Amino acid sequence: MRQKLIAGNWKMNGLTEPGLSLAEELAQRMHRAVELNDPEPPNCDLLLCPPFTLLAPVWSALAGSGISLGGQDCHTEISGAHTGDISAMMLKDAGCTHVILGHSERRQDHGETDAGVKAKAQAAVEAGLVPIVCVGESEGERDSGSALSVIAGQVAGSLPSLVTGEEAVLAYEPIWAIGTGKTATPEDVAEVHGAIRALIAERDGEAAASNLRILYGGSVKPENAEALMATADVDGALVGGASLKADDFWAIAASCP
Ligand code: 13P
């Protein structure tokens with residue numbers, strides 16, 4: 001049984017306040033849950049991915065809470081003349097365990113390609129981080145019936161071939177569902193997640209594929225989380241907007257069966 005992962009992607013949101021208060025509030029809830037069972041601890045792993053500028057204070061706020069820290073991107077090199085970039089080693093050094101890679105917003109805003117994402121994911125694994133590799137189709141691709149083939153191409157192109165199901169996490173985020181309030185139906189999500197797992201099994205063997213966590217992302221909210229988290233092959237969520245509110249993020253975590 002795979003433990004679910006609920007990851008908050010703060011994107012380019014959060015100054016010291018309210019970012020720090022949000023992290024502190026979640027850390028306090030975890031402490032109360034673990035020590036007093038009030039509320040009950042969520043049945044999942046929790047991860048926060050704030051912007052780079054908040055990694056250090058959020059790391060301090062989360063200390064001892066069991067909530068992990070992640071970055072939102074990294075470079076392919078360990079260090080060097082790359083003004084404005086952050087390496088996987090730097091994220092590791094700042095307390096991160098995970099890094100989101102190939103988010104559709106980066107693919108769109110920065111022209112990131114599958115090959116570039118693959119190189120970053122390789123660098124992340126070498127630095128001891130778990131890459132969360134994002135894939136997902138556009139609305140036009142879904143409407144034209146090519147969603148599954150687009151996603152298969154992204155998985156093949158973005159996930160390093162030697163990376164096993166245990167070393168990486170995949171996130172299925174249909175672009176048309178991000179920040180729009182539209183969510184894929186549990187049936188569509190189950191179909192895509194099942195197809196992704198089958199692809200990984202082909203190259204990685206059934207056992208390793210069975211350990212791969214596949215997250216769903218795209219307008220995940222307290223109202224739809226229960227149905228999504230009960231869907232076959234859904235191993236958690238990558239949450240954008242709702243991760244900026246402690247009550248909503250906690251409610252999504254609490255919806256894990
Ligand atoms: P929303 O939850 O705001 O739709 O964002 C999803 C996302 O892109 C998470 O990476």
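No experiment lies behind these values; they were computed from the predicted model shown.
- Annotation for Tyr216 and Ala177: closest pair OH-CB, 3.6 Å, computed over non-hydrogen atoms.
- When side chains are defined from C-beta on, Asp248 does not count as touching Lys221, because their heavy atoms never get closer than 4.5 Å.
- When hydrophobic clusters are built by joining Ile, Leu, Val, Met, Phe, Trp and Tyr residues whose side-chain heavy atoms come closer than 4.5 Å, directly or via intermediates, Val192 is not grouped with Trp176.
- Taking each heavy atom of Pro131 and Leu101 in turn, the nearest pair found is CB-CD1, 3.8 Å.
- Note: the hydrophobic cluster containing Met229 does not contain Leu5 (ILVMFWY, side chain heavy atoms under 4.5 Å, direct or indirect links).
- The closest side-chain heavy-atom distance from Val99 to Lys120 is not below 4.5 Å.
- Among all heavy-atom pairs drawn from Leu212 and Ala168, the shortest one is CD1-O, 3.5 Å.
- Atom-to-atom distance recorded for Arg203:CZ and Leu159:CG is 4.5 Å, nearest 0.5 angstrom.
- Judged by distance alone, the side chains of Gln28 and Glu24 never bring a donor and an acceptor atom under 3.5 Å apart.
- Under 3.5 Å, the side chains of Gln72 and His103 contain no donor-acceptor pair of N or O atoms.
- If you chain together ILVMFWY residues whose side-chain heavy atoms come under 4.5 Å of each other, Ile178 ends up in a group of its own.
- The backbone N or O of Pro39 sits nowhere less than 3.5 Å from a side-chain atom of Arg29 that would complete a donor-acceptor pair.
- Looking at heavy atoms from C-beta onward, Ile196 lies in side-chain contact with Val135 at the 4.5 angstrom threshold.
- Shown here is Glu226, whose CD atom has no more than 12 heavy atoms of other residues, nucleotides or ligands within 6.0 Å.
- The minimum heavy-atom distance linking Leu91 with Phe52 is given by the pair CD2-CE2, 3.8 Å.
- In the hydrophobic cluster analysis, where Ile, Leu, Val, Met, Phe, Trp and Tyr join through side-chain heavy atoms closer than 4.5 angstrom, Trp10 is grouped apart from Leu238.
- Using a 30° and 60° split on the angle between ring planes, Tyr172 and His193 fall in the perpendicular class, above 60°.
- Put simply, the side chain of Leu62 does not reach to within 4.5 Å of the side chain of Met30, judged on heavy atoms.
- For the pair Val220/Ser243, no side-chain contact is recorded, criterion being any heavy-atom separation below 4.5 Å from C-beta on.
- Both Ile252 and Leu244 sit in one connected hydrophobic cluster of ILVMFWY residues. Membership requires side-chain heavy atoms under 4.5 Å apart, directly or through other members.
- The side chain to side chain contact (heavy atoms under 4.5 Å, CB included) test with Leu47 is passed by exactly one of Val130, Ile132, Ile67, Asn9: Ile132.
- The distance from the CD atom of Glu137 to the CD atom of Glu173 is 11.0 Å, given to the nearest 0.5 Å.
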**Q.** Working for side-chain contact (heavy atoms from CB on, under 4.5 Å), residues Cys96 and Leu129
**A.** CA-CA 7 Å; Cys96 293; Leu129 295 176; 4.1 Å; yes

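- Counting heavy-atom neighbours within 6.0 Å of Met89 CE, excluding the residue itself, gives a total of 12 or less.
- Sorted by first and then second residue, the side-chain hydrogen bond (donor to acceptor under 3.5 Å, both in side chains) pairs involving residues 146-160 (not counting sequence neighbours) are Arg107-Ser158, Asp114-Ser158, Ser144-Ser146.
- Taking hydrophobic clusters as Ile, Leu, Val, Met, Phe, Trp and Tyr residues chained together by side-chain heavy-atom distances below 4.5 Å, Phe249 does not share a cluster with Leu215.
- A donor-acceptor contact shorter than 3.5 Å links the side chain of Lys4 to the backbone of Val234.
- More than 12 heavy-atom neighbours from other residues, nucleotides or ligands sit within 6.0 angstrom of CD on Glu17.
- When every heavy atom of Gly102 is checked against every heavy atom of Val117, the shortest pair comes out as CA-CG2, 3.6 Å.
- Each of Asp233, Asp235, Asp45 was compared with Arg213 under the salt bridge (Lys or Arg N to Asp or Glu O under 4.0 Å) criterion, and only Asp45 meets it.
- For the atom pair Cys49 SG and Asp73 CG, the distance stands at 11.5 Å (nearest 0.5 Å).
- Side chains of Leu48 and Leu22 form no contact here, defined as non-hydrogen atoms less than 4.5 Å apart.
- Residues Trp250 and Pro222 are not in side-chain contact: their nearest non-hydrogen atoms beyond the backbone lie 4.5 Å or more apart.
- Taken to the nearest 0.5 Å, the CG atom of Asn43 stands 10.0 Å off from the CD1 atom of Ile6.
- Of the possible donor and acceptor atoms, none in the side chain of Asp85 sits under 3.5 Å from a partner among the backbone N and O of Gly80.
- One finds the CD atom of Glu35 at 6.5 Å from the NE2 atom of His31 (value rounded to the nearest 0.5 Å).
- In this structure, Leu20 and Val58 approach most closely via the heavy-atom pair CD1-N, 4.4 Å.
- Panel note: side chain Ser219, backbone Thr183; no donor-acceptor pair is recorded below 3.5 Å.
- Taken to the nearest 0.5 Å, the OG atom of Ser60 stands 11.5 Å off from the CG atom of Leu54.
- Using a 4.5 Å heavy-atom threshold, the side chains of Asn13 and Pro51 count as separate.
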